[in-house]
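Reading through the structure tokens given below for one structure.
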Number of protein chains: 2
Amino acid sequence: MTTAEPTPPRRRGRPGYDQATILHTAVDLFNRRGYDATSMGDLAKVLGVTKPAIYHHFTSKEELLKAALDDALDELTAVVDEASRRQEGATAYERLREVVRRSVEVLVAHQPSVTLLLRVRGNSAVELAALERRRWLDERLAELVAAAVAEGALRADLAPTLVSRLLFGMVNSLVEWYRPHGAFTPATVADAIAAVAFDGLTSSNTRP
Amino acid sequence: MTTAEPTPPRRRGRPGYDQATILHTAVDLFNRRGYDATSMGDLAKVLGVTKPAIYHHFTSKEELLKAALDDALDELTAVVDEASRRQEGATAYERLREVVRRSVEVLVAHQPSVTLLLRVRGNSAVELAALERRRWLDERLAELVAAAVAEGALRADLAPTLVSRLLFGMVNSLVEWYRPHGAFTPATVADAIAAVAFDGLTSSNTRP
């Protein structure tokens with residue numbers, strides 16, 4: 001699984017793998033095989049360590065799941081929080097565009113943990129808590145769309161909750177196909193989403 | 001699981017459940033728990049029948065998966081095929097709008113099997129074959145977008161493959177949140193997607 005590594009930095013705990021590497025490998029396995037179908041034994045096998053070497057860092061599979069979901073949720077929450085803090089001076093429309101741009105950056109930089117988050121179905125207390133945090137985020141995004149409609153920047157003939165679902169549905173769909181070293185940079189994708197969603201695809205809407 | 005049913009129609013095979021009910025229940029379980037984490041024993045338990053009663057209709061779990069994925073893929077392929085057959089008379093732009101509208105209808109009418117399809121990761125021959133068919137569909141959609149750009153209807157400053165990903169990413173995101181008896185009808189959602197994607201969200205783009 002791993003290629004030769006030049007003198008690794010001193011790591012906490014047993015030799016071989018640190019906490020971040022274990023988490024990264026676990027998330028990758030969860031995404032490829034499904035969380036329920038992956039056991040701590042599978043993870044130990046892929047890492048080439050014993051199960052106790054993993055338990056030294058994470059007490060359970062659910063703790064690994066929680067760490068990954070919190071990673072994604074903390075980043076997305078920070079995006080929404082920053083947008084509200086910029087309230088003075090910026091219009092809701094400006095803040096919405098900024099949230100779209102920053103969300104794309106987070107999805108690209110944290111693609112594995114966001115992918116896991118978007119597939120959560122609520123099968124455990126950890127998953128239900130993550131769904132609750134997602135719902136909170138969805139409500140903030142719908143409020144921001146509603147505010148942009150209220151200030152006259154966005155068209156008023158579509159329900160803000162529906163617009164918010166579709167706009168961030170388009171953003172979230174990135175995790176399914178975006179490849180970090182593929183044809184499109186995060187900035188290109190963020191600009192394209194803003195162009196499609198705000199200006200529209202028909203040629204009469206092209207901005208100079 | 002079931003409520004009282006008025007005199008059910010005569011069914012093939014053992015009493016209790018027909019093929020469609022078994023498939024429907026299996027897809028629901030796969031979506032809730034994950035395909036790999038669901039066993040034929042789990043399915044038998046939920047249906048309240050023995051495993052042989054299921055094997056009478058489906059020889060394996062993989063056959064259930066294949067039936068569900070084919071259901072989704074056949075419907076989506078029909079949408080794309082119909083759009084190409086309407087070639088005479090209709091512009092690429094008109095066909096693209098029609099594909100978006102019909103895709104929304106398919107996603108709503110076949111939400112469970114499309115959900116399963118969109119989560120396929122390629123873990124088996126059946127999944128790889130489904131991914132291959134999805135790729136074929138993605139290529140047809142990107143060609144249609146490119147044709148609409150070439151005829152001058154859509155803006156030319158965005159890569160057609162990227163536009164196609166984003167447009168159908170927005171369409172596909174429906175399966176994550178759409179509820180059949182919720183606030184929005186399929187027609188409302190299809191109109192909103194067309195409005196957002198083609199005309200844009202900014203109020204200056206509102207069509208009378």
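Reminder, nothing fancy here: chain letters follow the sequence lines and each chain counts from 1. Values reported hereafter were calculated over all heavy atoms of this structure, with side chains retained and with hydrogens, waters and symmetry mates removed.
- Proximity to chain A is limited to the side chain of Y93(B), based on heavy atoms less than 4.5 angstrom apart.
- Under a cutoff of 6.0 Å and an axis angle of 45°, R179(A) and W177(A) do not form a cation-pi pair.
- Heavy-atom pairs under 4.5 Å with chain A peak, among D191(B), L162(B), I193(B), at L162(B).
- Contacts of V163(B) with chain A are made by side-chain atoms alone, with heavy-atom separations under 4.5 Å and no backbone atom involved.
- Cation-pi contact between R134(A) and W136(A): absent, since separation from the ring centre below 6.0 Å together with deviation from the ring axis within 45° is not met.
- Interface summary for chain A: among A197(B), G122(B), A192(B), A37(B), the most heavy-atom pairs under 4.5 angstrom belong to A197(B).
- In summary, R102(B) and E105(B) engage in a salt bridge, as defined by a charged side-chain N under 4.0 Å from a carboxylate O.
- No other option in R121(B), E176(B), M170(B), R33(B) has as many heavy-atom pairs under 4.5 Å with chain A as R121(B).
- To the nearest 0.5 angstrom, L69(B) atom CG is 10.0 Å from E62(B) atom CD.
- Looking at T188(A) and T185(A), their side chains do bring a donor and an acceptor atom within 3.5 Å of each other.
- When each of A183(A), G34(A), A159(A) is scored by its heavy-atom pairs under 4.5 Å with chain B, the top score falls to G34(A).
- Distance check: L96(A) CG to R101(A) CZ gives 13.0 Å after rounding to the nearest 0.5 Å.
- When heavy atoms are compared at a cutoff of 4.5 Å, A153(A) approaches chain B solely by way of its backbone atoms N, CA, C and O.
- If you measure heavy-atom distances from N31(A) to chain B, the contacts under 4.5 Å come from the backbone alone.
- Heavy atoms of N172(B) lying under 4.5 Å from chain A are absent altogether.
- Using modelled atom types, one side-chain atom of T115(A) and one backbone atom of Q111(A) make a donor-acceptor pair closer than 3.5 Å.
- Heavy atoms of L158(B) lying under 4.5 Å from chain A belong exclusively to its side chain.
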